[in-house]
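Per chain, numbering begins at 1; letters A, B, ... match sequence-line order.
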Amino acid sequence: MLDIKKIRQDPEYFKRGLKTKNSGDKIDELLELDEQRRSIISQSDELKGLRNRVSSEIARLKKAKEDASGKISEMKQVGEKIKAFDDRIKIVDEQIHAIMITLPNLPHKSVKIGFSEKDNETVKEWGEKPQYDYPLKDHLDLAERLDILDFHRGAKISGSGFPVYKKAGARLERALINFMLDLHTQEHNYQEIFPPFLTSRDSAFGTGQLPKLEEDMYLDNADDLFLIPTAEVPVTNLHRDEIIPESQLPIHYAAYSACFRREAGSYGKDTRGLSRVHQFNKVEMVRFVHPETSYQAHEELLQDAEDVLQALNLHYRVVSLCTGDLSFAAAKCYDIEIWAPGSQKYFEVSSVSNFEDFQARRANIRYRRNSDGKVDFVHTLNGSGVATPRLMIAFLETYQTDEGTITIPEILQPYTGFKQIKSQI
RNA sequence: AGAGAGUUGCCGGAGCGGUCGAACGGGACGGUUUCGAAAACCGUUGUACCCAUUACGGGUACCGGGGGUUCGAAUCCCCCACUCUCUGCCA
């Protein structure tokens, strides 16, 4: 949520910013409604003040056994006027709210102005594309030969996009999750959270999934609960409607969760294998920080995510999203794209975003300043650290041997319990 | 799922429909005292919004959420959510 007071102060700034995010301009309409709202509130408040004064006067008269019927009927009139004003306030409030919740966050000034994905900038590459002196297979081919993934049976039991991990594949998946969690909790000082996988409408609103992305989430209609598309939702909402003492900031959480995405409207895109699935595993990092430190925290968070890939020695690049490609709630975002040599493609495995106070406003997450005791919104950030399906793609394709087996890097061996995955065929 | 009890400020805990933004206790903060600390004593102790922005300014709202009754509601009525206890079911 944007700050209506700031919009009031400098509407042109917001108009420009929203334009770079390809968002329609409702600012004038909003300011008109805001004007109305404040005017009606003033009138209503004035009458309420009158009513309060006279009502205590009535109390005094009654106590003194004097006649108050004149004032009572007078206040009855006032009461009706107040009700009329308040009804109008309610309507205008709803109209304002309806607009406010659809306005995306403004991009940070360091973000390149651009229309789409094509304008994103690669800001960094780590490692090099590994070279092989034998022909490479893609992850589907490898997985089939090794019998570690089963897409057909997944489709049978749930539908397409629900892969089944089998045997060494299941173990490898679990190993990756545990490895990442340990890295973040032990090396990067995140507190571990195991969140609920279903959340309320309020929570989904708080992080910005609602109302825009309702169609992308699975909904349990009977209870009006959403299956989480990312642990960001429950973990960020941990502190919804709370005031955090400044001394407790920053707060760093790392959480594993299964993630559920309907991927409505993306049919035909990356449909093969693990590249786009409806259910997947992810370790997510979430930070609640002091507003002044959020951009530093953003860089640290990126590094924490990169560390996963560096530890596994997987080549990747970091892309800074342009204004037009930024998600609804983000002010700035880095995507980490991992190299999959068998597919000869980069796959996005992580999004590292700074939401500034956008989510904090929606979810009402504040902190109390030591200096003056006042409250202000925290800044929230999150980053995947990382999502497993595309990590798995790159992992299998990178560590394949000429025999079609997979070599497990040493750092992961304590987690897998084996050093290689051998062909079953 | 059924029955009952509850939901008040940072916490505990009062609150006949009329100075209740809310007693009392604790905590925290500031001050007095002290070489220092503890104790004691005095004081302070929310959030949002509106107006004014010369101010240490004025006003409104908020006692789980939403409606209603009333001149006036934390207090009465209705709906919903959550928590706890018991019963049932279940991993």
In whole angstrom, give the distance that lies between atom [atom1] of [X] and atom [atom2] of [N].
| X | N | atom1 | atom2 | answer |
| --- | --- | --- | --- | --- |
| A/Ile82 | B/G72 | CD1 | P | 8 Å |
| A/Asp67 | B/C71 | CG | C1' | 13 Å |
| A/Asp93 | B/G66 | CG | C1' | 15 Å |
| A/Glu80 | B/U69 | CD | P | 11 Å |
| A/Asn52 | B/A22 | CG | P | 14 Å |
| A/Asp224 | B/G65 | CG | P | 20 Å |
| A/Asp241 | B/A48 | CG | P | 13 Å |
| A/Glu74 | B/C71 | CD | C1' | 10 Å |

Nearest to side-chain heavy atoms of [X], which nucleotide of [options]:
| X | options | value |
| --- | --- | --- |
| A/Ile41 | B/C71, B/C51, B/C49 | B/C49 |
| A/Arg366 | B/A61, B/U47, B/C71 | B/U47 |
| A/Lys83 | B/C50, B/U47, B/G68 | B/G68 |
| A/Arg368 | B/G67, B/C50, B/G46 | B/G46 |
| A/Asp45 | B/G18, B/A61, B/G59 | B/G59 |
| A/Ser55 | B/U47, B/C50, B/C71 | B/C71 |

For [N], give the paired nucleotide (Watson-Crick: N1-N3 plus N6-O4 or O6-N4; G-U: N1-O2 and O6-N3; both under 3.5 Å), or none.
| N | answer |
| --- | --- |
| B/A1 | B/U87 |
| B/C82 | B/G6 |
| B/A48 | B/U60 |
| B/A23 | none |
| B/C71 | B/G18 |
| B/U32 | B/A40 |

Return no unless some side-chain N or O of [X] is found under 4.0 Å from OP1 or OP2 of [N].
| X | N | value |
| --- | --- | --- |
| A/Arg51 | B/U60 | no |
| A/Lys71 | B/C71 | no |
| A/Arg60 | B/G18 | no |
| A/Lys90 | B/G67 | yes |

Legend entry - Check: A/Phe328 main-chain N/O paired with A/Lys21 side-chain donor or acceptor under 3.5 Å: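 The answer is yes, because a donor-acceptor pair under 3.5 Å joins these two groups.
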Inset, instruction - Look only at the side chain of A/Asn120 and the backbone of A/Val319, and say whether a donor-acceptor pair between them is shorter than 3.5 Å. - result: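 Answer holds: no.
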Inset, instruction - Please find out if less than 6.0 Å separates the ring center of A/Tyr253 from that of A/His239. - result: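 When the ring centroids of A/Tyr253 and A/His239 are compared, they turn out to be within the sub-6.0 Å range.
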Inset, instruction - State yes or no: are the ring centers of A/Tyr334 and A/His298 separated by less than 6.0 Å? - result: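 Under 6.0 Å, so yes.
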Inset, instruction - Specify the residue among A/Glu46 and A/Ile58 whose closest nucleotide of RNA chain B lies further upstream toward the 5′ end. - result: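 On the 5' side of the pair lies A/Glu46.
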Legend entry - Earlier contact from the 5' end, RNA chain B, for A/Ser73 and A/Ala59: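 It is A/Ala59 whose nearest nucleotide is closer to the 5' end.
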Pairwise [atom1] distance for [N] and [M], with rounding to whole Å:
| N | M | atom1 | value |
| --- | --- | --- | --- |
| B/C11 | B/G17 | C1' | 29 Å |
| B/U44 | B/U54 | P | 29 Å |
| B/G15 | B/A3 | C1' | 29 Å |
| B/G4 | B/G18 | P | 30 Å |
| B/A74 | B/A14 | C1' | 12 Å |
| B/C62 | B/U75 | C1' | 16 Å |
| B/A39 | B/C20 | C1' | 34 Å |
| B/U60 | B/G6 | C1' | 31 Å |

Legend entry - Carboxylate-amine/guanidinium contact A/Lys48 A/Asp86, below 4.0 Å: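 A salt bridge links A/Lys48 with A/Asp86.
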Legend entry - Residues A/Lys71 and A/Glu74 bridged, charged N to O under 4.0 Å: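 A/Glu74 and A/Lys71: not salt-bridged.
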Counting the atoms with a prime plus P, OP1 and OP2 as sugar-phosphate, which does [X] contact under 4.0 Å by heavy atoms, base, sugar-phosphate, or nothing?
| X | answer |
| --- | --- |
| A/Arg37 | sugar-phosphate |
| A/Lys63 | nothing |
| A/Ser56 | nothing |
| A/Val78 | nothing |
| A/Lys5 | sugar-phosphate |
| A/Arg201 | nothing |
| A/Gly49 | sugar-phosphate |

Legend entry - Side-chain donor-acceptor pair present, A/Glu232, A/Gln359, cut-off under 3.5 Å: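 Indeed, the side chains of A/Glu232 and A/Gln359 share at least one donor-acceptor pair under 3.5 Å.
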Inset, instruction - Could you grab the distance from atom CD1 of A/Ile406 to atom OG1 of A/Thr398, nearest 0.5 Å is fine? - result: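 Taking CD1 in A/Ile406 and OG1 in A/Thr398, the distance rounds to 9.5 Å.
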Legend entry - A/Leu326 side, atom CG; A/Thr20 side, atom OG1 - distance, nearest 0.5 Å: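 Rounded to the nearest 0.5 Å, the CG-OG1 separation comes to 8.5 Å.
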